[in-house]
Amino acid sequence: MSQTCIAAYPAVLKDLHEFYESLRKEGILFCYSGPTTQTLMESIGDMLKQRMAVEEAGMSITRTIFAIFIEQMQNILHYSAEVMPAAESRMGEEMRHGVVVVGREREAGERFFVLCGNYVERAKARMLADALDRMRGLNRDELKALYREQRRGDPFSEDSKGAGLGFLEMARKASRPLDYCISEITDRLAFFSVKAVG
Amino acid sequence: MSDLVIKPTKSTPAVEFLAAEGRLLIQGESYPEHAVKFYEPVLQWIREYLASMAAPLRLTMDIVYFNSSSSKILMNLFDLLEEAAAGGRDVRVVWRHHEENESAQECGEEFREETRHMRFELQPYGDRV
């Protein structure tokens, strides 16, 4: 293969063709990485619906993936430990960073998935992992019971943004248990990611 | 008592509460960044209505999609109505959903399972002409 390049690309994109092909091979429909806001999430949500229409996905699976996407993105919006304070943000609001990947598995079934990652405190990562481990052992009825129990918690309490319930919502919508991964990066921070398959 | 009317946005539903008629409508999608902040005036209005009016209350819910934090606060809203119904108030909730939106139907069923005293009915509809 001959290649002619006149370009100063970032190292990760040295070979854009290779990047393009690996996205395709892994079934990646799109990804977004960087600061997030509610407005941005709403726009990406539109793109998600359109992209799934191109894939000829039905209404039911599109609704499922959209719901998982919203829970994943709002986790970044509320809990990412990588924060740009409102004073420094040109959007005039606080912006938390993370990455979201929407794709379609290459294996039989070609299921859609939403993979999301962001920095969190290491202690928090362990807490989330414990919660997800517990959920992985539950069947549909047990997940429903736990969801109903947690929904009855006080929304005005300190953790008012609904932590925990979001993961339960995803676990209930997903066709198999949620996968997660924790990479410990510094003494304080870990990179935490969750994959939900629709 | 004045009406409560909130225009819909992409991530928040339309709210139309008409005090004189005791008719309440919440319609659209609900996944705001801060669900508590959005629904606080909604719950407040219902509390005031229940305290100051004796007329029946009919709430129509037509929510295509809501996120987990909206779900939590909607539970609070239904608890409020349930309490009033237990105290003898005439409260009725109609949960509307598209006949092919199974997710919205299940959500309605799960809220209904949480209630005992008020009337809570599911009302499927087909494509709007």
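Every chain is numbered from 1, with letters handed out A, B, ... down the list of sequences. Remember, it's a predicted structure, so these values are computed and weren't measured experimentally.
Here the straight-line distance linking atom CZ of R63(A) with atom CG of N101(B) works out to 3.5 Å at 0.5 Å rounding. Note: F69(A) CZ to N67(B) CG = 12.5 Å, rounded to the nearest 0.5 Å. The distance from the OG1 atom of T64(A) to the OH atom of Y65(B) is 10.5 Å, given to the nearest 0.5 Å. With rounding to the nearest 0.5 angstrom, the OG1 atom of T12(B) is 9.0 Å from the CD atom of Q38(A).
V83(A) and L77(A) are members of different hydrophobic clusters when ILVMFWY side chains are connected at heavy-atom separations under 4.5 Å. L4(B) and I73(B) fall within a single hydrophobic cluster, where Ile, Leu, Val, Met, Phe, Trp and Tyr side chains are chained together by heavy-atom contacts under 4.5 Å. No continuous path of ILVMFWY side-chain contacts below 4.5 Å connects L18(B) to Y49(B), so the two sit in separate hydrophobic clusters. Linking ILVMFWY residues whenever their side-chain heavy atoms come closer than 4.5 Å, directly or via other members, places F30(A) and F112(A) in the same cluster. Each of F191(A) and M127(A) belongs to its own hydrophobic cluster when Ile, Leu, Val, Met, Phe, Trp and Tyr are linked at side-chain heavy-atom distances under 4.5 angstrom.
Surrounding CD of E26(A) are at most 12 heavy atoms belonging to other residues, nucleotides or ligands under 6.0 Å away. With a 6.0 Å radius and a threshold of 12 heavy atoms from other residues, nucleotides or ligands, E83(B) has its CD atom at or below the threshold. No more than 12 heavy-atom neighbours from other residues, nucleotides or ligands sit within 6.0 angstrom of CD on E102(B). For R116(B), the CZ atom counts as loosely surrounded, since its 6.0 Å shell holds 12 or fewer non-hydrogen atoms of other residues, nucleotides or ligands. At most 12 heavy atoms of other shown residues, nucleotides or ligands fall within 6.0 angstrom of atom CE in M59(A). More than 12 heavy atoms of other residues, nucleotides or ligands sit less than 6.0 Å from atom CZ of R112(B).
Within the 4.5 angstrom heavy-atom criterion, no atom of F78(B) approaches chain A. Heavy atoms closer than 4.5 Å to chain B are found nowhere in M170(A), neither backbone nor side chain. For chain A, the nearby part of E29(B) is the side chain; its heavy atoms alone come within less than 4.5 Å. For a residue to count as touching a neighbouring chain, one of its non-hydrogen atoms must lie under 4.5 Å from one of that chain's; by this rule Y31(B) touches chain A with backbone and side chain alike.
Between D79(B) and R152(A), some side-chain heavy-atom pair lies under the 4.5 Å cut-off. A 4.5 Å side-chain heavy-atom check between E110(B) and K144(A) finds at least one atom pair inside the cut-off. At a threshold of 4.5 Å between non-hydrogen side-chain atoms, the residues M75(B) and R148(A) do not count as touching. Taking 4.5 Å as the limit, every side-chain heavy atom of E33(B) sits out of range of all side-chain heavy atoms of M41(A).
Checked by atom type, the side-chain pair T39(A)/K10(B) shows no donor-acceptor distance below 3.5 Å. Looking only at atom types and distance, the side chain of S68(B) has no donor-acceptor partner in the side chain of Y147(A) under 3.5 Å away. A donor-acceptor pair shorter than 3.5 Å can be found between the side chains of R151(A) and S71(B).
Ring planes of H78(A) and H34(B): tilted class, angle from 30 to 60°.
Under the 3.5 Å distance criterion, the side-chain polar atoms of Q74(A) are matched with a main-chain donor or acceptor of P32(B).
Note on T37(A), I70(A), L168(A): by heavy-atom pairs under 4.5 Å with chain B, the leading option is I70(A).
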